[in-house]
Amino acid sequence: MLKVFIYPVNSLILADLVERFGHKPLVVMNQVREKVTNISLDSPPVNITPEDPKIGLRFAAVEVPAGVRGRMSLIGPLIEEAEAAIIVENPPVNFGCVGCNRTNELMKYLVRSKEIPILEVKYPESNFEAREFVYNISVFLENLSKASGEKKLDPQSGNAEEFKGEAAEEKKGKVKLEKKNDSLREEIP
Amino acid sequence: MSSDELETVKIALVSCGSEYAGVQPEFEAAAKQVNAKFIYPEVDVDLIDNIGKEFGLEVASGDLKLMMARARAVVEGLSHVDGVFITTCFRCAEAAIVRNEVRRYIHRHSNIPVISYSFTERTSAGTLLTRLEALTTVARRRHLLAREAQTGLTAGIDSGSTTTKAVVMKDNKIIGSGWVPTTKVLESAEDAYSQALKEAKVTRKEVQALGTTGYGRFLVGKHFKAQLVQEEITVNSKGAVYLADTQKGPATVIDIGGMDNKAISVEDGIPGMFTMGGICAGASGRFFEMISKRLGVDITELGTLAVKGMQENVTMNSYCIVFGIQSLVNSLAKGASPEDVAAAACYSVIEQLFEQQLQEVDVKEPLILVGGSSLIEGVPKALGDLLKIDVIVPRESHLIGAVGAALLASGYVEE
């Protein structure tokens with residue numbers, strides 16, 4: 001079981017898919033729930049205080065707007081935990097959205113900067129694309145399962161990458177795969 | 001008047017997600033003080049994806065699309081509100097574009113009062129209070145603002161950050177005035193009010209109604225048991241159009257105060273869009289005080305000096321008062337004349353006002369300049385030069401708040 005960061009970070013559909021394959025989706029809803037249910041200063045609708053944008057300084061400089069840093073105080077720790085990621089490009093608002101595109105840009109950058117397997121897929125616009133979309137995500141998640149089952153990955157062939165590579169070839173480039181460095185591949189549990 | 005006695009005003013909060021910036025409790029606290037309630041206009045989720053094209057402004061952020069969709073819901077009456085508070089993150093260019101356009105859109109398509117503000121995580125309820133008070137006043141007390149003439153014997157006290165002003169008015173005429181530097185808020189108010197009463201030759205008991213405004217309005221209002229305690233945006237715009245005799249039609253009021261500036265777009269004497277600045281004292285009356293002190297002249301002489309100088313001869317950056325003074329010191333060290341420095345100081349303040357505030361209101365003539373700084377001759381000249389329009393400085397322009405308060409307080413004489 002791997003911790004999979006999803007983008008959009010509040011997509012219920014993506015979270016459900018990740019869960020179905022036995023992984024843990026890293027979703028912002030849990031962070032928000034914690035903010036709402038924790039006993040803290042009352043700050044409706046969520047207990048985000050002026051301290052949170054300061055926590056966000058770990059991920060963005062002070063000249064970055066407070067709203068971005070406040071969001072990053074919730075999302076940044078998820079990215080730090082992530083062992084794999086799925087990024088859906090151009091999703092409509094009802095698929096999931098954190099509301100701020102500067103935050104979107106920053107979080108995608110931080111995910112891509114991590115040495116983890118990443119699947120990037122375009123949001124489907126037809127029935128055929130939708131099937132392909134789900135299939136690609138399924139293959140990626142299955143391969144993560146296989147990879148996470150290995151005690152140690154071959155640093156030369158990198159089994160996890162091979163699985164993903166096959167999937168990508170099979171689906172004619174719809175899936176963008178990130179070849180990550182060998183040393184980190186070895187660390188995948 | 002306490003917030004409990006006022007009817008609740010419904011304000012649509014149109015923001016880019018202020019709840020994530022840690023400022024929501026401050027927004028709520030400010031709203032509570034003026035008995036306002038924030039509501040969040042409901043919109044169809046499908047509309048959010050298409051609103052960019054419909055509105056004509058395509059942006060990437062979902063919450064900015066939501067802002068446009070909510071503005072449309074307000075304008076179309078799908079959401080019944082008395083006012084709109086548009087707010088986005090400070091330093092976000094995309095949000096700044098949307099904030100301005102949404103404000104213009106609501107102003108163009110409805111009569112609902114609107115204010116806008118860009119926040120940081122340090123935004124406090126105190127900062128927002130004056131703005132929300134003005135917004136709720138316009139929504140709640142239009143009948144009071146419709147008053148065009150002062151009646152009876154009334155007084156007004158403007159407890160400002162730098163000076164305290166008082167006037168006594170009788171039958172639409174100023175019969176006494178007082179102007180003192182603000183030291184201790186109540187003592188200064190007592191002094192200014194006493195001066196005005198003495199000049200008017202009336203006693204406090206004879207005054208039928210009193211209005212207070214300015215930073216110290218609550219304290220002074222409570223002390224003198226004022227009938228009207230009102231923020232300076234409403235009062236000053238009323239006072240400005242009254243003194244400039246432009247109560248009908250559009251007008252733009254610019255008030256350069258001791259600590260902050262206000263730019264107010266007025267229609268028939270009622271404020272529409274307005275902004276209130278004050279990030280740094282470099283663009284306020286306080287800067288003139290420091291410049292005068294450094295040049296070794298009285299502030300009343302600064303204006304005369306400035307009109308004789310050429311601002312182009314001195315580079316002055318007064319965005320920050322510290323850098324502004326640095327520019328001044330450097331210029332004098334290079335041999336700049338006091339006249340040129342004074343002219344540059346006036347131009348610098350006006351330039352800041354132009355860049356930071358006049359972009360957020362529709363500047364419509366007549367342009368009325370008020371506040372103590374309006375008496376510095378170089379200031380209206382610099383403003384006129386920059387905007388290429390005639391600037392009106394009404395008589396008693398430094399007493400604008402006190403006059404506005406006395407005028408509005410006369411509404412309580414009849415009540």
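Just the heavy atoms: all of them, side chains too, but no hydrogens, waters or symmetry mates, feed the values below. Chain naming here is simple, since letters A, B, ... match the order of the sequence lines and numbering starts at 1 in each.
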Report summary line: Among A:G70, A:G56, A:P53, the residue with the most heavy-atom pairs under 4.5 Å to chain B is A:P53
Report task. Give, for atom OH of B:Y20 and atom OG1 of A:T103, the distance between the pair rounded to the nearest 0.5 Å. Result -> 9.5 Å
Report task. To the nearest 0.5 Å, tell me how far B:L64 CG sits from A:C100 SG. Result -> 7.5 Å
**Report entry** Residue part contacting chain A, namely of B:C16, when any heavy atom lies under 4.5 Å
**Finding:** backbone
Query raised in the report: Above 12 or not: heavy atoms from other molecules or residues under 6.0 Å from CZ of B:R122?
Result: no
**Report entry** Among the listed options B:C89, B:S61, B:A95, the residue most often paired with chain A at heavy-atom distances under 4.5 Å
**Finding:** B:S61
Query raised in the report: How long is the gap from CD on B:E26 to OG1 on A:T49, to the nearest 0.5 Å?
Result: 10.5 Å
Report summary line: Note: A:V62 and B:R91 closest approach over all heavy atoms is O-NH1, 3.1 Å
Query raised in the report: In this structure, are over 12 heavy atoms from other groups packed under 6.0 Å from A:E105 atom CD?
Result: yes
Query raised in the report: Can you name the side chain to side chain contact (heavy atoms under 4.5 Å, CB included) partners of B:A60, sequence neighbours left out?
Result: A:N101, B:E94
Query raised in the report: What closest approach, in Å, do B:A21 and A:G67 show between heavy atoms, and which atom pair accounts for it?
Result: CB-N, 3.9 Å
**Report entry** Where A:P65 and B:C92 come nearest, the two heavy atoms and their spacing
**Finding:** CG-CB, 3.8 Å
**Report entry** Least distance between heavy atoms, B:D49 atom then A:P92 atom
**Finding:** OD2-CB, 3.5 Å
**Report entry** Pairwise distance CG(A:N94) to CD1(B:I48) - rounded to 0.5 angstrom
**Finding:** 9.0 Å
Query - Gap between atom CD of A:E51 and atom CD of B:E121 - 0.5 Å precision - result: 9.5 Å
